[in-house]
Amino acid sequence: MKQFFRIVFLLLLPLLFLCGCAGPSADRNAGSLQGQEPRQVHSEGTAMGTVIQQNIYTRGEDCTEDIAELITGLEEDTFSWRLETSELYRLNQAAGSAGGTELTDEMAQILRQCLELTEASGGAFDIAIGPVARLWDIDGWAAGEREGEFRPPDGEALSRALALCGSRRIRLQTDADPEAGGEVTLFYSEAGTELDLGAVGKGAALTHILKYLESDSDITGAVVSVGGSVLTYGEKPDKSLWKIGIVDPADPKRNLGILTLEGQWCISTSGDYERFAEADGVRYHHILDPATGYPARSGLSSVTVVTKDGLLSDALATACFVLGEEKGTELAKRYGAEALFVGESGEITMTSGMEKLFQRR
Ligand code: AMP
Ligand code: MG
């Protein structure tokens, strides 16, 4: 486990460098400046099975611990498929029960957005992929729990798991007008169907972090990364723009280039280098094609999406990876998002808006 986080930390080092932070701020105790000049506070930690990095400019208290707790709370209360405390766990446990399960407003909103993305992506993005994701034991790879023992699932087991997947096996029912606070109930048509919010949890966390930052007028700017999803907010004291590194999938310790962004954005990357396992010299990654149950082979090694909303950037990055460059570009455009694609041979293509943001190294 420790080794995994050490590796992930190394992969994120280029990003850390670009954010311009060399460890805890030197002017943390610059008492006379406090209240006027924002100081930089920095923290690194782990939550949601990934590395969290925060660089925050504030005139007030160091809020990085509050934000770390907020992310851990989201994992425990909402997104984890493993922890019995989470809403997702309870929903999956109730799969197949006749009465369905009532959703919190937040979960109802997340599921609606995800189902819309499933529709828009022609099923390439599908949160009802839990049984297949469990069979591949993706979270086991991340934790290094089965290092050297990994075997891909056999075709028959995969077909059985695939038969339980797919968002057509779930249904949302709203009691009244959702805008007027109507209750939403989730029904699964079959026991064994399981939702997996791994493709959107980190991006959705960015929305909560943004709300936190906006609620504190002492905070003037921030860059917070939750694994492959990054939030930029406000501005730096010297007014220079945010710089976000795009990892080279062929050598994840290096950057291919940087994005330069002004103000609030969410940037999510899905890449075949982020989580993978090997067996008999074949490498299997964690972004699955719901049509086959196997890791998606769309000619891409990574996709980066830039948009305002965190859940959307995270979901689109996963969807575009499965769809490949051509259909992925169409999908990103449909949502007004910018996308950058890195092909298996390292070739880079991007939407026209992205060309204005990206500089090659
Ligand atoms: P990401 O790294 O954001 O692309 O998300 C990948 C994670 O989402 C995986 O670890 C699975 O838990 C889940 N997942 C894999 N393939 C898909 C897919 N096609 N649609 C939705 N979720 C997926
Ligand atoms: Mg994603």
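Here the structure is a predicted model, which means the values were calculated and not measured. As the structure lists them, so they are numbered: ligands from 1, and atoms in each ligand from 1.
Side-chain contact annotation: D248 with Y273, donor-acceptor N/O pair under 3.5 Å absent.
With a heavy-atom cut-off of 4.0 Å, A124 touches ligand 1 through its backbone alone. Only the side chain of I138 comes within 4.0 Å of ligand 1, counting heavy atoms alone; its backbone N, CA, C and O stay farther away.
Aromatic ring pairs are classed by plane angle as parallel below 30°, tilted from 30° to 60° and perpendicular above 60°; the pair Y294 and W136 is perpendicular.
Looking at heavy atoms from C-beta onward, V342 lies in side-chain contact with L256 at the 4.5 angstrom threshold. Under the 4.5 Å side-chain criterion, counting only non-hydrogen atoms from C-beta, T50 is not in contact with T46.
In the vicinity of T318, heavy-atom distances shorter than 4.0 Å reach the ligand 1 atoms 1 (P), 3 (O), 4 (O), 5 (O). Which parts of ligand 1 touch F125 is read off a 4.0 Å heavy-atom cut-off, strictly below it: atoms 20 (N), 21 (C). Listed by number with element, the atoms of ligand 1 under 4.0 Å from a non-hydrogen atom of S270 are 1 (P), 3 (O), 4 (O).
Inclusion of A199 in the set of residues having an N or O under 3.5 Å from an N or O of ligand 1 is warranted. Annotation: D289 places no N or O atom under 3.5 Å from an N or O atom of ligand 1; distance criterion only. When only interatomic distances are considered, the shortest N/O to N/O separation between D314 and ligand 1 falls below 3.5 Å.
Here the side chain of E194 pairs no donor or acceptor atom with the backbone of A128 at under 3.5 angstrom. Side chain of S80 to main chain of E75: no donor-acceptor pair is present (N/O by atom type, distance under 3.5 Å, no hydrogens or angles). Within the 3.5 Å criterion, the main-chain N or O of D314 finds a donor-acceptor partner in the side chain of S268.
At the shortest separation from atom 2 (O) of ligand 1 among protein heavy atoms lies H286 NE2, 2.9 Å. At the shortest separation from atom 16 (N) of ligand 1 among protein heavy atoms lies L288 N, 2.9 Å. The protein heavy atom nearest to atom 12 (O) of ligand 1 is D196 OD2, 2.8 Å.
Taking 4.0 Å as the cut-off, P290 counts as a neighbour of ligand 1 on heavy-atom distance.
Annotation for E65: atom CD does not count as buried by contact number, only 12 or fewer foreign heavy atoms lying within 6.0 Å. Heavy-atom contacts from other residues, nucleotides or ligands closer than 6.0 Å to CZ of R171 number more than 12.
Of the listed options I129, T50, V200, D126, D126 places a heavy atom closest to atom 21 (C) of ligand 1.
Of the residues listed (K202, Q54, Q53), the one engaging V226 in a side chain to side chain contact (heavy atoms under 4.5 Å, CB included) is K202, and it is the only one.
The nearest N, O or S atom of T318 is closer to the Mg ion (ligand 2) than 2.8 Å. Distances from the Mg ion (ligand 2) show that G228 has no N/O/S atom below 2.8 Å.
Here the Mg ion (ligand 2) is the vertex; the O atom in A199 and the OD1 atom in D314 give an angle of 70° (to 10°).
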